[in-house]
Undergrad: 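One structure, as structure tokens, below. Some questions next.
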Amino acid sequence: METGFGFIDYAVFAAYAVLILGVGLWVSRDKEGEQKNAEDYFLASKSLPWWAIGSSLIAANISAEQFIGMSGSGFALGLAIASYEWMAAFTLIIVGKYFLPIFIEKGIYTIPEFVEKRFSTNLKTILAVFWIALYVFVNLTTVLYLGGLAIETILGIDMMYAIIGLALFSAAYSLYGGLSAVAWTDVIQVVFLVLGGLVTTYLALNTVSDGAGMWEGMKTVYHSAPDRFVMILDESNPEYMNLPGIGVLVGGLWVANIYYWGFNQYIIQRTLAAKSLREAQKGILLAAFLKLLIPFIVVIPGIAAYVMVNDPAIMARLGAMAAENLPGIGTADRAYPWLLHFLPAGMKGLAFAALAAAIVSSLASMLNSTSTIFTMDIYKQYINTSASDKTTVNVGRISAGVALLIAVIMAPLLGGIDQAFQFIQEYTGIVSPGILGVFLLGLFWKKTTNKAAIWGALVSIPIALFFKIGPKGWAEGAMFPTLPWMDQMGYTTVLTMIVIAVLSITQNNGKDDEKGISLTKEFFKTSPLFNICSFVILILLAVAYAFFWK
């Protein structure tokens, strides 16, 4: 197929690739006469400043599942999917104020390591194995699949070759350099990501308005598809089961967000590498502000594509190319790659670089965190307890390479998924409620015991499956949940926490657990800057929801 890519587009993308690889390899180099130790490789020597932390958080988070998957959800259901991004800004404030002080004070490398300090080695191992499996078979695999899909759609390159290319690109600097290479290249990646995303949004809206500008395009999109600008869906909406109205604000979305931003290794690892707690909290604030912007980069283009596809006049204006790889019902994830065809020369290359930056930065982050958990929580715990720093770093590199190879093999098997972003959230939601319940009670309730936490984590899976299938589902042979899956997550979390609380009280006769964390009000005291910026973020969120409520 004709890609529409010209020399200048390839030149822009090549410049991006050379810049990322050059910076990644430069910061990866060993200092003269020194060799990387575990802290250098896995925690960037605990030297990251706030702006690198904030940039890296967003670069790790925004990937193909947002650019491709969330744009697809914007096409299919509209701005309501932006709740994931806007509520994440609120969640980041909570993480910065209440979780980070505990994690940084404990001086941990990994989230499973915190589990060991608070509960036991057994529970740590259970969760470490779970996270490795989740990162390899869900996160890495899905990002590679969606990235391959995008490149196949945009450039016409066979998906398997595209997947291999993305894997090699991310591995080229991240396997050798560790978190330092990942974090410092993320600063550049996020510039491409935001700039390229905004360019795509501008030009998509400008196309809708037939050259009258972004603001006119936004008004046209808003008036042409008012149903796509409703944040709180009612039960009559066909997408209610994915985003169940007010339940999004008070229910299961909190489970997804707090689990992801608070207890997800490849996200929280950046803050653990901060110079100090205050520096980590400032990085959290930068990420929260950027989160407010993300829907304009990844959701609005999907809505614009929906308007374009359903307007015969616009389609006629776009010409024959508009009919190729057309997004529609069941193929919503084609929306963002389809839009890139209509960008002018040079801008295609920039937008494609933004998409590549999102994909590669997330792959590099997931690889680094997978290798960190395997090396620190499995290898050094059970295989070689006296491993030297050199051995530890080498095992980290090898385990990351093996994880990437498995993901490359698995990625093509995901073909045929529509709205991949929703798919990931729904199936991660089977396991995240139990883990969230364990962590919340372990952090803030001193009576929580190890045995109760293990039972809670194990029991949460059948509870989640019960809600997913349900008695009604079994009776009718239904394949889909009888409750919105987001509500299922909320109910599963609450029931898991009840199980843990009852078992803890029964086991310890109501006494505090010996590993319970003693906390005081002063422990969570934050700076005036953090408090003021948090207040501004919450005001902006309130205004956004008030404007787009219905």
Side-chain angles (χ1 to χ4, degrees), residues 13 15-28 44 48 51-70 85 88 135 139-148 150-151 162-163 165-198 200 260-261 264-271 273 283 286-287 290-291 293-294 297-298 336 350-372 400 403-404 407 411 421 424:
F13 180 75
Y16 150 77
V18 170
L19 180 62
I20 293 300
L21 287 175
V23 171
L25 294 174
W26 185 76
V27 300
S28 299
L48 295 184
W51 46 273
I53 292 167
S55 300
S56 192
L57 282 169
I58 294 301
N61 166 240
I62 302 301
S63 182
E65 59 193 85
Q66 272 79 17
F67 265 102
I68 307 300
M70 194 168 276
E85 304 304 308
Y135 290 157
N139 296 102
L140 280 169
T141 302
T142 306
V143 170
L144 281 171
Y145 164 71
L146 288 175
I151 293 175
I163 288 171
L166 288 170
L168 292 176
F169 189 12
S170 63
Y173 65 92
S174 65
L175 263 62
Y176 181 73
L179 187 59
S180 289
V182 174
W184 289 111
T185 53
D186 278 351
V187 176
I188 302 170
Q189 305 267 34
V190 86
V191 173
F192 276 95
L193 189 156
V194 172
L195 182 61
L198 288 175
T200 304
Y260 180 87
W261 292 102
N264 188 343
Q265 177 67 26
Y266 83 83
I267 293 296
I268 209 69
Q269 190 165 342
R270 280 117 185 85
T271 61
L286 173 60
L290 289 173
K291 268 296 178 184
L293 181 66
I294 296 301
I297 295 174
V298 298
Y336 196 87
L350 180 61
F352 187 60
L355 180 60
I359 297 167
V360 171
S361 61
S362 290
L363 286 174
S365 298
M366 292 170 189
L367 285 173
N368 184 256
S369 293
T370 303
S371 68
T372 303
L404 186 60
F421 181 79
I424 295 167

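Basis for what follows: all heavy atoms, side chains included, without hydrogens, waters or symmetry-related copies.
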Undergrad: Are any of the side-chain heavy atoms of L48 and W184 separated by less than 4.5 Å?
TA: yes
Undergrad: Give me the atom names and distance for the closest heavy-atom approach of L25 to A172.
TA: CD2-O, 3.6 Å
Undergrad: Would you mind telling me which of L19, V18, I20 makes a side-chain contact (heavy atoms from CB on, under 4.5 Å) with Y16?
TA: I20
Undergrad: Compare every heavy atom of A411 with every heavy atom of I163, then report the nearest pair and how far apart it is.
TA: CD1-CB, 3.8 Å
Undergrad: Between L193 and A59, which heavy-atom pair has the shortest distance, and what is it?
TA: CD1-CA, 4.5 Å
Undergrad: Would a distance-only check, ignoring hydrogens and angles, find a side-chain to backbone donor-acceptor pair under 3.5 Å from Y135 to Q265?
TA: yes
Undergrad: Out of curiosity, I359 CD1 to Q189 CD, how far, rounded to the nearest 0.5 Å?
TA: 10.5 Å
Undergrad: Nearest 0.5 Å, what's the CG-CG distance between L144 and L363?
TA: 5.0 Å
Undergrad: Take V298 and Y336 through the test side chain to side chain contact (heavy atoms under 4.5 Å, CB included) and record every step on the way to the result.
TA: CA-CA 8 Å; V298 298; Y336 196 87; 5.9 Å; no
Undergrad: Going by the side-chain contact (heavy atoms from CB on, under 4.5 Å) test, name the single residue among V360, V182, N368, V143 that passes it with S170.
TA: V360
Undergrad: Within a strict 4.5 Å, meaning less than it, do heavy atoms of the S365 and Q269 side chains meet?
TA: no
Undergrad: Between CD1 of I297 and CG of L198, what distance do you get to the nearest 0.5 Å?
TA: 4.5 Å
Undergrad: Please lay out, stage by stage, how F192 and L350 fare under the test side chain to side chain contact (heavy atoms under 4.5 Å, CB included).
TA: CA-CA 7 Å; F192 276 95; L350 180 61; 4.1 Å; yes
Undergrad: Tell me whether T271 contacts the main-chain N or O of I268 through its side chain, where contact means a donor paired with an acceptor under 3.5 Å.
TA: yes
Undergrad: Measure the CG-CG distance between L57 and L290 for me, rounded to the nearest 0.5 Å.
TA: 9.5 Å
Undergrad: How about I62 and M70: do any of their side-chain heavy atoms sit closer than 4.5 Å?
TA: no
Undergrad: For the residue pair D186 and A60, what are the closest heavy atoms and their distance?
TA: OD2-N, 4.5 Å
Undergrad: Kindly indicate whether the side chain of W261, heavy atoms from C-beta on, has any atom under 4.5 Å from the side chain of N61.
TA: yes
Undergrad: Identify the heavy atoms of A287 and I58 that sit nearest to each other, and give their distance.
TA: O-CD1, 3.5 Å
Undergrad: For residues S361 and T185, determine if any side-chain heavy atom of one lies less than 4.5 Å from a side-chain heavy atom of the other.
TA: no
Undergrad: Kindly give the heavy-atom pair with the smallest separation between G196 and A354, and that separation in Å.
TA: CA-CB, 3.7 Å
Undergrad: Can you measure from CG (L367) to CG (N139) and round to the nearest 0.5 angstrom?
TA: 11.0 Å
